[in-house]
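What follows is a set of notes on a single structure, which appears directly below.
Since the structure is predicted, the reported quantities are computational estimates derived from the model, not experimental observations. Below, chain A is the first sequence line, B the second, and so on; all start at residue 1.
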Protein chains: 2
Amino acid sequence: MTKPQPLNQPDQLSESSTLASRTYESIKADIIDGTLAQGSKIVESDLALKYGTSRGPLREAIHRLEQIKLVIRVPHAGSRVVALNIKMMEDIYTARESLEGMAARLAARLMPDDDIKSLHRLLDQHEQNINDAEGKVYFQREGDIDFHFRIAAASQNEWILENLNGELYQLIRMGRHQSGRMPSRPAAALAQHRQITSAIEQRDEELAELLMRRHISGAWKTVKSILEENHE
Amino acid sequence: MTKPQPLNQPDQLSESSTLASRTYESIKADIIDGTLAQGSKIVESDLALKYGTSRGPLREAIHRLEQIKLVIRVPHAGSRVVALNIKMMEDIYTARESLEGMAARLAARLMPDDDIKSLHRLLDQHEQNINDAEGKVYFQREGDIDFHFRIAAASQNEWILENLNGELYQLIRMGRHQSGRMPSRPAAALAQHRQITSAIEQRDEELAELLMRRHISGAWKTVKSILEENHE
DNA sequence: CCTCGTTGTATTGTTGACAATAATCATTAA
DNA sequence: TTAATGATTATTGTCAACAATACAACGAGG
């Protein structure tokens with residue numbers, strides 16, 4: 001059985017040349033998967049020790065994490081891992097809806113035919129994985145983001161790509177880890193992905209944007225209800 | 001004669017408690033108004049001297065500027081002030097169109113009546129300033145962004161607000177300084193602003209978004225033609 | 001018992017020195 | 001003359017010590 005191919009969104013090569021970057025990647029991963037608990041206080045000297053570096057590079061890592069909103073920092077008082085709440089997640093999903101809608105529109109205009117074919121193949125793979133018990137985990141965790149990443153990349157808009165991939169998706173991943181549950185109904189999601197791809201293939205910008213926005217706002221509704229029931 | 005009221009988008013209180021923040025603000029201003037030329041190389045020790053600080057805080061400032069894309073940094077090789085090109089500006093305007101369209105939609109849903117009234121007054125003031133020779137400079141430079149800022153704030157979406165105000169508007173300001181010219185036809189822009197405000201007042205989300213997007217994509221067309229003629 | 005001010009401690013902000021890296025320039029061989 | 005190669009230098013990356021700040025504990029006064 002072929003393993004689902006690795007995600008092609010290397011935020012940074014894991015063997016980065018600078019210590020600050022490596023520390024950044026490590027901490028980011030630990031925040032996203034909950035090893036560093038939400039809302040927990042960050043003490044520079046402690047973390048420096050923990051990640052085997054000195055305060056200098058660690059400080060740079062923290063600053064970068066602050067920029068992508070994984071960390072909140074208040075001057076002279078210290079930093080904490082962000083604590084996701086519903087309002088914040090709603091803001092993120094709304095921004096994402098807007099940006100990805102635009103990305104889908106641009107993809108319909110600009111995506112090369114070959115890439116569209118490849119996108120179809122990706123969805124075929126996802127379909128197989130849905131029926132496959134162990135694949136389910138993969139599909140629900142990362143396959144979904146993989147699809148969305150390809151659309152963002154196809155937009156050929158650097159700003160949108162960087163903000164989706166570098167910031168919004170990270171926060172969404174973190175939210176998923178938190179809730180412990182997966183995005184709902186993979187089959188329904190897949191069907192929508194196919195619709196969107198088809199609109200792109202037909203170069204129907206308007207429809208592509210509309211479908212993407214509907215897809216994401218639908219996803220938010222289910223995520224929201226999960227968060228609300230967890231929160232009482 | 002009453003001076004146009006100061007912009008209410010203090011990115012940071014100018015008397016920030018930390019040296020790194022003050023340095024950041026200074027450099028940012030210098031980049032935006034061209035004192036630090038586009039594409040010019042940044043040498044940490046030189047700048048540290050120039051801004052009266054040591055390399056530590058200056059480094060933090062540079063990192064923050066990198067995050068808002070005013071500076072480009074390559075590991076071990078140094079940093080440069082970003083050099084705006086047409087593709088980059090197009091990406092920015094497209095992202096802005098998407099985000100501000102959504103912001104207008106949210107504003108139509110959420111903006112308190114009092115704030116809408118205040119928005120009307122702001123536009124009245126702009127109208128006066130258009131006929132006033134010295135006001136023209138103000139309106140064209142900052143008044144336009146002032147309006148857009150209020151919509152973004154009214155969306156009550158933190159992510160959108162921060163990204164528009166903290167990043168996109170800065171780059172657009174920088175672009176304006178570069179071209180030397182002002183946004184075109186203040187009267188036409190004002191008319192569109194009124195339309196948008198009116199849609200918000202009527203709580204017509206769909207229309208508010210549509211008008212805002214049209215407004216911004218129109219602005220891009222004229223900016224683009226200016227850039228192209230400057231560039232040959 | 002509560003409030004306010006004071007002191008002490010922990011943590012961040014800042015600095016200058018040192019190490020590592022990459023760009024530059026001169027030198028040599030083809 | 002040009003291309004490759006090696007030493008040199010400028011610049012960034014990293015570190016550890018020092019200063020400034022905010023928070024907590026404590027005590028005095030109401």
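- Among residues at least two apart or in separate chains, salt bridge (Lys or Arg N to Asp or Glu O under 4.0 Å) pairs with a member in residues 77-89 of chain B are B/K87-B/D91.
- Applying the side-chain contact (heavy atoms from CB on, under 4.5 Å) test to B/S54 and every residue at least two apart in sequence or in another chain returns B/P57.
- For the ring pair (Phe, Tyr, Trp, His ring centres under 6.0 Å) condition, no pair includes a residue of residues 67-86 of chain A, sequence neighbours left out.
- For A/E60, the salt bridge (charged side-chain N to carboxylate O under 4.0 Å, His left out) partners are A/R64, B/R59, B/R73, not counting sequence neighbours.
- Considering only residues two or more places apart in sequence or on other chains, A/H215 meets the ring pair (Phe, Tyr, Trp, His ring centres under 6.0 Å) condition with A/H148, A/H193.
- Applying the ring pair (Phe, Tyr, Trp, His ring centres under 6.0 Å) test to pairs two or more places apart or on separate chains, those with a residue in residues 89-115 of chain A are A/Y93-A/W220.
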B/S/- along nucleotides 5-20 of chain D (protein heavy atoms under 4.0 Å) is -------BBBB-----
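- Listed by first and then second residue, the ring pair (Phe, Tyr, Trp, His ring centres under 6.0 Å) pairs that reach into residues 27-52 of chain B come to none, sequence neighbours excluded.
- Among the duplex regions that DNA chain D forms, those built from at least three successive Watson-Crick or G-U pairs under 3.5 Å are C:1-30 with D:1-30, ordered by first number.
- Contacts between chain A and DNA chain C, taken as any atom within less than 4.0 angstrom of a protein heavy atom, begin and end at C/dT12 to C/dT14.
- B/S225 meets the side-chain contact (heavy atoms from CB on, under 4.5 Å) test with no other residue; sequence neighbours excluded.
- The salt bridge (charged side-chain N to carboxylate O under 4.0 Å, His left out) check on A/E209 picks up A/R105, A/R213, B/R213, with sequence neighbours excluded.
- Among all heavy-atom pairs drawn from B/A61 and B/I27, the shortest one is CB-CD1, 4.5 Å.
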